Student: 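This is the structure I have questions about; it appears just below.
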Amino acid sequence: MSADYFAPFDKVRYEGPESTNDLAYRWYDKDRIVMGKRMEDHLRFAVCFWHTFCWPGSDVFGAGTFSRPWLGGANDAAAARAKRAAALAFIEKLDVPYYCFHDVDVMAEAETIAAYRSSLAEAVDHLEALQAAHGRKLLWGTANLFGHPRYMAGAATNPDPEVFAWAAVQVRDCLEATHRLGGANYVLWGGREGYDTPLNTEIGVELDNFGRFLSLVVEHKHRIGFTGTILIEPKPHEPTKHQYDFDVQTVYGFLKRYGLEGEVKVNIEANHATLAGHSFEHEIAMARALGILGSIDANRGDPQNGWDTDQFPASVEEWTLAMLEWLRAGGFSTGGFNFDAKVRRQSVDAADLFHGHIGGIDTIARALLRAAALIEDGALEHFRAERYAGWQGPLGQMIHAEGTTLGGIADHAVARGLQPVRKSGRQEWCENLVNRA
């Protein structure tokens with residue numbers, strides 16, 4: 001039944017803005033050249049396992065609402081195999097190149113280390129065959145270090161070193177699985193790497209253990225010859241009250257402290273950015289400035305809710321602002337846009353999975369076109385360059401010259417009686433340019 005679940009649906013194709021087909025792309029034309037590159041190669045879309053194939057439609061107030069052939073019973077080897085087959089079939093029909101998974105998303109339940117390793121190995125064998133059969137690739141893998149009760153107080157930051165060691169098993173095996181499957185990245189999301197109260201928490205010990213764990217991950221990456229990128233995914237809170245990888249700037253400070261800023265980048269999620277009190281484009285711009293932009297989880301939150309709603313992107317305007325910063329950063333090298341998004345609990349039909357992804361893909365594709373048009377027009381970029389042109393002049397060069405002191409800069413200002421002239425930041429004009437696009 002799982003193999004036939006998506007059988008009624010044809011492969012989704014580009015039909016253009018005038019199409020009346022709900023199961024067609026209007027803006028995502030994968031072969032269209034944008035700023036010298038195919039749209040598919042720019043965007044590198046991925047479908048996630050956890051929301052799309054594992055979540056049963058439950059919430060804290062009620063049970064699951066979805067009737068999927070691989071859900072509802074025990075998560076045994078047969079159910080896991082059926083889920084993997086259905087997932088790769090769906091991703092091929094959506095005609096996107098990549099997928100992402102947590103270890104536990106793709107395998108049968110396992111309580112012991114031996115059972116875990118055996119079950120994951122079986123899943124990797126099957127995924128390898130499915131990738132070849134469906135022509136799909138792995139964008140990134142990750143280990144779920146937050147769902148099992150053993151991780152109630154964290155994984156790398158747990159007070160119990162035995163939990164740290166259990167997490168090491170999962171990450172070692174999942175990183176090696178990602179390497180074998182040709183994954184382009186490996187992600188660590190510290191959902192429980194934080195605290196609920198400082199009363200019972202030694203923050204310094206936990207940070208050092210977190211830094212030690214990440215250093216060991218990087219070391220193992222090089223030991224096995226994995227050439228992909230190690231990524232940390234920032235989030236300020238939920239499920240913990242405070243999460244140590246709060247936002248992009250916090251992660252960079254953490255990486256600098258433990259000497260990992262040249263080894264690890266960030267996987268930015270739109271909904272996590274807004275939970276941190278930032279805009280999505282702010283986090284991309286910050287990652288660009290710090291040189292750690294790796295990959296992006298594409299979704300949105302609900303501004304009326306204070307939690308991670310993981311809805312599909314739907315605003316071309318918001319995404320145009322994000323894509324401007326993304327293009328300025330040079331786009332992706334190993335990363336991609338992974339849909340860490342789920343259909344709503346009342347969207348119970350198989351078609352809804354297509355509608356959600358098609359809408360999100362078209363939103364991002366259209367935003368890419370708008371952002372590219374703004375950059376190619378040049379007016380906004382010229383104004384930004386002109387605004388900072390003084391830093392290329394004599395005073396700007398002197399300030400950054402070796403040997404320049406604070407006193408020397410101050411004496412320069414005094415000797416010349418500097419009276420800076422206010423210059424408009426022209427924010428309204430900048431916003432008008434975006435709206436015209």
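Please read all numbers here as calculations on a predicted model, not as lab measurements.
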Student: Can you tell me if D377 uses its side chain to pair, donor with acceptor, with the backbone of A373 under 3.5 Å?
Tutor: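 Between the backbone of A373 and the side chain of D377 there is no qualifying donor-acceptor contact (under 3.5 Å).
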Student: Are any of the side-chain heavy atoms of L88 and L127 separated by less than 4.5 Å?
Tutor: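 A side-chain contact under 4.5 Å exists here.
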Student: How are the rings of F146 and W189 set relative to one another: parallel (under 30°), tilted (30 to 60°) or perpendicular (over 60°)?
Tutor: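 Taking W189 first and then F146, their aromatic rings stand perpendicular (interplane angle over 60°).
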Student: If you draw a 6.0 Å radius around CZ in R180, do more than 12 non-hydrogen atoms from other residues or ligands fall strictly inside?
Tutor: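 Enclosed: over 12 neighbouring heavy atoms sit under 6.0 Å from CZ of R180.
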Student: Is it true that, when you exclude E263 itself, more than 12 heavy atoms of the residues, nucleotides or ligands shown sit nearer than 6.0 Å to its CD?
Tutor: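 Buried by this count: over 12 neighbours within 6.0 Å.
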Student: Check whether any side-chain heavy atom of S295 lies under 4.5 Å from a side-chain heavy atom of N338, and answer yes or no.
Tutor: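 They are not in contact (no side-chain heavy atoms under 4.5 Å apart), so the answer is no.
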Student: For the pair D362 (side chain) and R26 (backbone), establish whether a donor and an acceptor sit closer than 3.5 Å, ignoring hydrogens and angles.
Tutor: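 Yes, because the side chain of D362 sits within donor-acceptor range (under 3.5 Å) of the backbone of R26.
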Student: So, does D302 use its side chain to make a donor-acceptor pair with the main chain of Q304 at under 3.5 Å?
Tutor: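 Yes, because the side chain of D302 sits within donor-acceptor range (under 3.5 Å) of the backbone of Q304.
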Student: Check whether H134 reaches the backbone of I91 with its side chain - one donor and one acceptor, N or O, closer than 3.5 Å.
Tutor: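 Here the side-chain-to-backbone pair does not exist.
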Student: To the nearest 0.5 Å, what is the distance between NZ (K235) and CD (Q243)?
Tutor: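 CD of Q243 is found 6.5 Å from NZ of K235.
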Student: Apply side-chain hydrogen bond (donor to acceptor under 3.5 Å, both in side chains) to residues E325 and H282 and explain how you reach the verdict.
Tutor: CA-CA 8 Å; E325 298 301 333; H282 162 89; over 6 Å; no
Student: So if I apply the side-chain contact (heavy atoms from CB on, under 4.5 Å) rule between V171 and each of L145, T142, D103, L214, which one comes out positive?
Tutor: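 So the option named by the test is L145.
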Student: Check this for me: K256, atom NZ, are more than 12 non-hydrogen atoms of other residues, nucleotides or ligands nearer than 6.0 Å?
Tutor: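 Not buried by this count: 12 neighbours or fewer within 6.0 Å.
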Student: Spell out, as yes or no, whether a donor-acceptor pair under 3.5 Å connects the side chain of R300 to the backbone of P313.
Tutor: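 No; judged by distance alone, with no hydrogens or angles, the pair does not exist.
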Student: Between K265 and L293, is there a side-chain heavy-atom distance shorter than 4.5 Å?
Tutor: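 They are not in side-chain contact.
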Student: Classify the angle between the aromatic ring planes of F226 and H179 as parallel (below 30°), tilted (30 to 60°) or perpendicular (above 60°).
Tutor: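 The arrangement is perpendicular - the two ring planes meet at more than 60°.
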Student: Name the one of W326, F312, F280, W27 that satisfies ring-ring contact (aromatic ring centres under 6.0 Å, His included) with W319?
Tutor: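 Filter result, single survivor: F280.
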Student: Closest heavy-atom contact between N271 and T274?
Tutor: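 Looking at all heavy atoms of both residues, the closest pair is O-OG1, 3.0 Å.
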Student: Kindly check if the number of other-residue, nucleotide or ligand heavy atoms within 6.0 Å of CZ (R344) is above 12?
Tutor: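 It does: R344 CZ has more than 12 such atoms within range.
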Student: Please tell me whether Y151 and W166 form a close aromatic pair, meaning their ring centres lie under 6.0 Å apart.
Tutor: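 Centroid distance Y151-W166: not below 6.0 Å, so no.
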Student: Are side-chain N/O atoms of D95 and Y28 paired as donor and acceptor at under 3.5 Å?
Tutor: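 Note: D95 and Y28 side chains miss the donor-acceptor criterion.
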Student: Check the angle between the aromatic planes of Y99 and F101 and answer parallel, tilted or perpendicular using the 30° and 60° thresholds.
Tutor: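 It falls in the parallel class, under 30°.
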Student: So for atom CE, which belongs to M152, do other residues, nucleotides or ligands contribute more than 12 heavy atoms lying within a distance under 6.0 Å?
Tutor: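 Not more than 12 within 6.0 Å, no.
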Student: Which atom names give the shortest non-hydrogen contact between A46 and C100, and what distance separates them?
Tutor: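 Between these two residues, the closest heavy atoms are CB-SG, 3.9 Å.
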Student: Kindly give the heavy-atom pair with the smallest separation between A74 and A79, and that separation in Å.
Tutor: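 It is O-CB, 3.5 Å.
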Student: Do E317 and S315 have side-chain N/O donor and acceptor atoms under 3.5 Å apart?
Tutor: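 The answer is no; no qualifying pair exists.
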Student: Nearest 0.5 Å, what's the CG-CE distance between L120 and M107?
Tutor: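 L120 CG to M107 CE: 6.0 Å, rounded to 0.5 Å.
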Student: Report the distance from atom CH2 of W140 to atom CG of L231, rounding to the nearest 0.5 Å.
Tutor: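 Result: 8.5 Å between the selected atoms.
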Student: Distance-only, no hydrogens or angles: does the R68 side chain make a donor-acceptor pair with backbone N or O of P56 under 3.5 Å?
Tutor: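 No, because the side chain of R68 does not come within donor-acceptor range (under 3.5 Å) of the backbone of P56.
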Student: For the residue pair T178 and G141, what are the closest heavy atoms and their distance?
Tutor: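 Minimum heavy-atom separation between T178 and G141: OG1-CA, 3.5 Å.
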Student: Is the distance between the ring centroids of F354 and F90 less than 6.0 Å?
Tutor: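 Centroid separation for F354 and F90: below 6.0 Å.
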Student: Which atom pair, heavy atoms only, marks the closest approach of I358 to A24?
Tutor: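 Reported closest heavy-atom pair: CG2-O, 3.6 Å.
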Student: Is there a donor-acceptor pair under 3.5 Å between the side chain of E193 and the backbone N or O of A156?
Tutor: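 Confirmed, E193 side chain pairs with A156 backbone.
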Student: Would you say the side chain of L374 lies within less than 4.5 Å of the side chain of T320, judging by non-hydrogen atoms?
Tutor: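 In short, these two side chains touch, coming nearer than 4.5 Å.
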Student: At what distance, to the nearest 0.5 angstrom, does CZ of R13 lie from CG of N21?
Tutor: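 So the gap between those two atoms works out to 11.5 Å.
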Student: Looking at L71, is its backbone amide N or carbonyl O close enough to the side chain of K83 to form a donor-acceptor pair, meaning the two atoms are under 3.5 Å apart?
Tutor: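 No; zero donor-acceptor contacts below 3.5 Å.
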Student: Check R212 against F164 and note the closest heavy-atom contact, atom names and distance.
Tutor: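 Of all heavy-atom pairs spanning R212 and F164, the closest is CG-CZ, 4.5 Å.
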Student: Please report whether the ring centroid of H220 lies less than 6.0 Å from that of Y186.
Tutor: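 When the ring centroids of Y186 and H220 are compared, they turn out to be at least 6.0 Å apart.
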Student: Is atom CD of E376 surrounded by more than 12 heavy atoms (other residues, nucleotides or ligands) closer than 6.0 Å?
Tutor: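 More than 12 heavy atoms, drawn from other residues, nucleotides or ligands, come within 6.0 Å of this atom.
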Student: Going through the distances and angles, do L139 and F332 end up as a side chain to side chain contact (heavy atoms under 4.5 Å, CB included)?
Tutor: CA-CA 12 Å; L139 183 65; F332 294 128; over 6 Å; no
Student: Quick one: does K93's side chain have a donor or acceptor within less than 3.5 Å of a partner on F9's backbone?
Tutor: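 Looks like yes, one N/O pair under 3.5 Å.
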Student: For Y195 and E206, does a side-chain donor sit closer than 3.5 Å to a side-chain acceptor?
Tutor: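 No, no side-chain donor-acceptor contact under 3.5 Å.
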Student: Would you indicate whether the side-chain heavy atoms of D340 and E233 approach each other to under 4.5 Å?
Tutor: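 They are in contact (side-chain heavy atoms under 4.5 Å apart), so the answer is yes.
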Student: What do the steps show when you test V12 against H357 for side chain to side chain contact (heavy atoms under 4.5 Å, CB included), and what is the final call?
Tutor: CA-CA 11 Å; V12 182; H357 285 88; over 6 Å; no
Student: Check this for me: E318, atom CD, are more than 12 non-hydrogen atoms of other residues, nucleotides or ligands nearer than 6.0 Å?
Tutor: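 Counting other residues, nucleotides and ligands, CD of E318 stays at 12 neighbours or fewer.
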Student: Got a salt bridge between D31 and R38, using NZ or NE/NH1/NH2 to carboxylate O under 4.0 Å?
Tutor: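 The answer is yes: the pair qualifies as a salt bridge.
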Student: For the CD atom of Q131 and the NZ atom of K137, what is their distance to the nearest 0.5 Å?
Tutor: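 Going from the CD atom of Q131 to the NZ atom of K137 covers 10.0 Å.
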Student: Could you go through the side chain to side chain contact (heavy atoms under 4.5 Å, CB included) check for D247 and H278 one step at a time?
Tutor: CA-CA 9 Å; D247 61 8; H278 305 310; 2.8 Å; yes
Student: Could you check whether N299 and D310, counting side-chain N and O atoms only, form a donor-acceptor pair closer than 3.5 Å?
Tutor: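 Their side chains do contain a donor-acceptor pair, which is all the 3.5 Å distance test asks for.
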Student: For atom CZ of R81, is the number of surrounding heavy atoms from other residues, nucleotides or ligands below 6.0 Å larger than 12?
Tutor: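 Counting neighbours around CZ of R81, 12 or fewer heavy atoms of other residues, nucleotides or ligands fall under 6.0 Å, so no.
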Student: Would E269 and D308 count as a side chain to side chain contact (heavy atoms under 4.5 Å, CB included) here? Give the steps.
Tutor: CA-CA 10 Å; E269 179 174 319; D308 202 2; 3.3 Å; yes
Student: Hey, is the main chain of A89 close enough, under 3.5 Å, to the side chain of R136 for a donor-acceptor pair?
Tutor: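 Not confirmed, R136 side chain does not pair with A89 backbone.
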Student: Looking at side-chain heavy atoms only, is the closest gap between D173 and V169 below 4.5 Å?
Tutor: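 When only atoms from C-beta onward are counted, V169 and D173 do touch, with a gap below 4.5 Å.
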Student: State, yes or no, whether a side-chain contact exists between M323 and L368 at a heavy-atom distance under 4.5 Å.
Tutor: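 Sidechains of L368 and M323: in contact.
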Student: Answer whether the closest heavy-atom distance between the side chains of R150 and E162 falls below 4.5 Å.
Tutor: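 No - every pair of side-chain heavy atoms lies 4.5 Å or more apart.
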Student: Between atom NE2 of H242 and atom CD1 of I203, what is the distance when rounded to the nearest 0.5 Å?
Tutor: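 Nearest 0.5 Å value for the NE2-CD1 distance: 7.0 Å.
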